[in-house]
S.K.: 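Can you read through this structure? Questions will come right after.
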Protein chains: 2
Amino acid sequence: MTLNAHAIHPPHSAQARISGLATLSEAEHALLDRSTRNRRRVSPYREFLSEGQPVPRPLLLLSGWACRFRVLSDGRRQILGFILPGDLVGLCRTDHAIASASALALTQVEICEMPGTEPTPTPGLAQAYALAGAMDDFYLLNQVTRLGRLTAYERIADLFLEMYDRMELAGLATDHEMTLPITQETLADALGLTSVHVNRTLKALRRDRAVVLESGLLTFPDYAALAAQVDHRAYRAPTVR
Amino acid sequence: MTLNAHAIHPPHSAQARISGLATLSEAEHALLDRSTRNRRRVSPYREFLSEGQPVPRPLLLLSGWACRFRVLSDGRRQILGFILPGDLVGLCRTDHAIASASALALTQVEICEMPGTEPTPTPGLAQAYALAGAMDDFYLLNQVTRLGRLTAYERIADLFLEMYDRMELAGLATDHEMTLPITQETLADALGLTSVHVNRTLKALRRDRAVVLESGLLTFPDYAALAAQVDHRAYRAPTVR
DNA sequence: CGACGGTTTGACAATCATCAAATACAGTGG
DNA sequence: CCACTGTATTTGATGATTGTCAAACCGTCG
């Protein structure tokens, strides 16, 4: 798969990331370029996609971090997954779909609308969307397992590892080091914990030197050991025989 | 959407369920019929799909209950979702995909391979797969929210409501009543709890008359009230304007 | 400087897990 | 028909994990 190309030419932008997912035609490249020129800024903690609303076309996150989430009637909030630069939101399998979750900027964010694949055929883009969707599916399964069967300690470690994997794939992190621009409160909402407990568990992770986390910089002193400890799963690309 | 047709003609078989998801051509109907003739039986607690293995084509569950799951290296098990009669497993967005979870029969089960959509174009089937996939996605988000933000009491109630919704959509339940052919141990693995705690919580649900559950028959004395109490979300079909 | 959002800490309570054993229930073979 | 077996449910006693409430601390920004 074209995923391996990342090892050689890491994408240096959200567009590059998308075009790395499949082989795009000249026309598709042009279309992608045109789409990304029309950007929209969203401030931190602003909702830019609402559960229950129709989703006409997918959105591409050009910069910043965002998340998908749901809120319960009494205010409890669950973050379903994070949206990192180069990620797509609102990928729907069907036309005229209704958003089954809302989306929120976690930092200052830039987004743009992506072309649909419907009227004019864009096989390359469709393939890129499919691969991006498959990865989303995979990360959602990870999320279920984290919430259902991991302890607080393991949940945080596993989520951090997954974030690093994704940032590395996107060409935004190397050497087991990345910036983590989100609050402990946000982590708590993603991990089914309270911010107080996240804080205490982070302390334990630091004590064990499982992670180093200071002023928004996250480092794994021993990535492999931590991954083994929490039975971390990384995404496996489709196989071409 | 054709989903509304269920209200009028509830499907009486797994095939009928599939053909209710989209408008199939004559050829596609024939193809579907041919596929379902070639069935495979699987005994309870037998794995019929393994994480890490390639998934050539989707499987249709013709009868019985199954689930998707993952196991951790130390034996902890998480059920990711249930597979009910008429459901598809191994729906992949990309070709040559690798299963990101295993699947297991929970009761005696019949499955069959479904045609791929690749060589010969089958737009109706593709649409049916897309809709089935969209519903799977939705139920997975429900699962994340359950595990992350609901109490044990709410988790069980919400899962039961969802199971009923799906069984009703499949034409296998009415009148807020259904058969529940799974053990408390299985429920525990789905809900991130222990079987002991599931048992105690079921007692509480019975005490409150939130559910009636005896010898595999599950009834909701007041479905609407319970749904409101746990902020239950039902799948919303794509909208055609 | 003060205000504000985020982090950190403490004391205590609730939820849920663990371990162990008793009971119920269905199937099987004598 | 009945003992026997294995699996599922139920209950009790106890402990660990995580939540709640409250306050202190810290850095940033106006």
Side-chain angles (χ1 to χ4, degrees), chain A residues 43-46 65 72 74-79 104-108 146-159 179-208 211-218 230, chain B residues 43-46 65 72 74-79 104-108 146-159 179-208 211-218 230:
Chain A
S43 332
Y45 304 113
R46 267 300 201 331
W65 282 42
L72 303 185
D74 64 353
R76 278 176 288 179
R77 189 173 76 153
Q78 177 62 46
I79 291 182
L104 188 75
L106 293 171
T107 67
Q108 182 78 349
R146 258 195 300 271
L147 293 171
R149 281 296 177 234
L150 298 196
T151 65
Y153 189 100
E154 297 166 320
R155 281 184 217 181
I156 297 184
D158 184 65
L159 180 61
T179 66
L180 189 79
I182 59 175
T183 68
Q184 297 179 3
E185 179 80 41
T186 301
L187 279 175
D189 280 342
L191 295 171
L193 303 167
T194 59
S195 60
V196 173
H197 197 62
V198 165
N199 185 281
R200 287 191 224 276
T201 310
L202 279 173
K203 196 161 110 178
L205 281 157
R206 282 191 264 246
R207 168 183 34 82
D208 301 346
V211 304
V212 176
L213 177 56
E214 48 187 4
S215 55
L217 189 69
L218 173 66
V230 301
Chain B
S43 331
Y45 304 113
R46 267 301 199 335
W65 282 41
L72 303 185
D74 63 354
R76 280 177 287 181
R77 189 173 77 153
Q78 177 62 46
I79 290 181
L104 189 75
L106 293 171
T107 67
Q108 181 78 352
R146 259 196 299 271
L147 293 171
R149 280 299 176 232
L150 298 196
T151 65
Y153 189 100
E154 296 167 321
R155 281 184 219 182
I156 297 184
D158 184 66
L159 179 61
T179 66
L180 189 78
I182 59 176
T183 68
Q184 298 180 2
E185 178 80 40
T186 300
L187 280 174
D189 280 340
L191 294 171
L193 304 166
T194 59
S195 60
V196 173
H197 197 61
V198 165
N199 185 281
R200 287 191 224 276
T201 310
L202 279 173
K203 196 161 111 179
L205 281 157
R206 281 191 265 246
R207 167 184 33 83
D208 302 345
V211 303
V212 176
L213 177 56
E214 47 187 4
S215 56
L217 189 68
L218 173 65
V230 301

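In what follows, every chain begins at residue 1, and chains take the letters A, B, ... in the order their sequences are listed.
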S.K.: Do side-chain atoms of A:Thr107 reach the backbone of A:Trp65 as a donor and acceptor pair under 3.5 angstrom?
M.R.: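 Yes.
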S.K.: Where along residues 192-206 of chain B does a heavy atom come under 4.0 Å from DNA chain D, residue by residue in number order?
M.R.: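 Of all residues in residues 192-206 of chain B, the ones placing a heavy atom under 4.0 Å from DNA chain D are B:Val196, B:Asn199, B:Arg200, B:Lys203, B:Arg206.
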S.K.: Passes salt bridge (charged side-chain N to carboxylate O under 4.0 Å, His left out), A:Asp189 versus B:Arg149? Steps please.
M.R.: CA-CA 8 Å; A:Asp189 280 342; B:Arg149 280 299 176 232; 3.0 Å; yes
S.K.: Would you name the heavy atoms of B:Ser43 and B:Ala105 that are closest together and state the gap between them?
M.R.: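 Residues B:Ser43 and B:Ala105, closest heavy atoms: O-CB, 3.5 Å.
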S.K.: Reading DNA chain C 5' to 3', which nucleotide is the first, and which the last, to come under 4.0 Å of any heavy atom in chain B?
M.R.: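 With heavy atoms of chain B under 4.0 Å away, the range is C:dC16 to C:dC19.
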S.K.: For the residue pair B:Ser195 and B:Ala188, what are the closest heavy atoms and their distance?
M.R.: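 Heavy-atom minimum between the residues: N-CB, 3.5 Å.
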S.K.: To the nearest 0.5 Å, what is the distance between CG (A:Leu187) and CG (A:Leu193)?
M.R.: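 Those atoms lie 9.5 Å apart.
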S.K.: Rounded to the nearest 0.5 Å, what's the gap from CD on B:Glu185 to CD1 on B:Ile79? Could you check?
M.R.: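 Those atoms lie 9.0 Å apart.
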S.K.: Quantify the bending of the helix from C:dC1-D:dG30 to C:dG30-D:dC1 as the angle between its end axes, each fitted on five pairs, to 10°.
M.R.: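 Here the local axes at opposite ends form an angle of 30°.
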S.K.: Evaluate side-chain contact (heavy atoms from CB on, under 4.5 Å) for A:Leu202 paired with A:Val198, printing each intermediate quantity in order.
M.R.: CA-CA 6 Å; A:Leu202 279 173; A:Val198 165; 4.0 Å; yes
S.K.: Is there a residue in residues 147-154 of chain A whose heavy atoms reach under 4.0 Å of DNA chain C, and which residues are they?
M.R.: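 None - not one residue of the stretch has a heavy atom sitting under 4.0 Å from the strand.
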S.K.: Identify the two heavy atoms, one from A:Tyr45 and one from A:Thr186, that lie closest to each other, and give their separation to 0.1 Å.
M.R.: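 Taking A:Tyr45 first and A:Thr186 second, the nearest heavy atoms are OH-OG1, 4.3 Å.
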S.K.: Using the heavy-atom set of chain A and a strict 4.0 Å cut-off, write down the first and last nucleotide of DNA chain D that makes it in, 5' to 3'.
M.R.: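 Range of nucleotides within reach of chain A: D:dT18 to D:dC21.
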S.K.: Using a 6.0 Å cut-off, check whether atom CZ of A:Arg46 has over 12 heavy atoms from anything other than its own residue.
M.R.: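 Not buried by this count: 12 neighbours or fewer within 6.0 Å.
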S.K.: For B:Val211, give me all partners under side-chain contact (heavy atoms from CB on, under 4.5 Å), at least two apart in sequence or on another chain.
M.R.: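 side-chain contact (heavy atoms from CB on, under 4.5 Å) check on B:Val211 returns B:Phe160, B:Leu205, B:Leu218, B:Phe220, B:Leu226.
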S.K.: To the nearest 0.5 angstrom, please state how far the CZ atom of A:Arg207 sits from the OG1 atom of A:Thr201.
M.R.: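 These two atoms lie 10.0 Å from each other.
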S.K.: Go through it in stages, so that I can follow the logic: the residues are B:Val212 and B:Leu217, the test is side-chain contact (heavy atoms from CB on, under 4.5 Å), and I'd like the CA-CA distance, side-chain angles, deciding distance and then a yes or no.
M.R.: CA-CA 8 Å; B:Val212 176; B:Leu217 189 68; over 6 Å; no
S.K.: What's the spacing between A:Arg155 CZ and A:Leu191 CG if we round to 0.5 Å?
M.R.: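 It comes to 7.0 Å.
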S.K.: Let me confirm one number: the CD-CZ distance from A:Gln78 to B:Arg146, rounded to the nearest 0.5 Å.
M.R.: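 Reported to 0.5 Å precision, the distance equals 12.0 Å.
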S.K.: If I take atom CG from residue B:Leu213 and atom CD from residue B:Gln184, how far apart are they, to the nearest 0.5 angstrom?
M.R.: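 Between atom CG of B:Leu213 and atom CD of B:Gln184 there are 7.5 Å.
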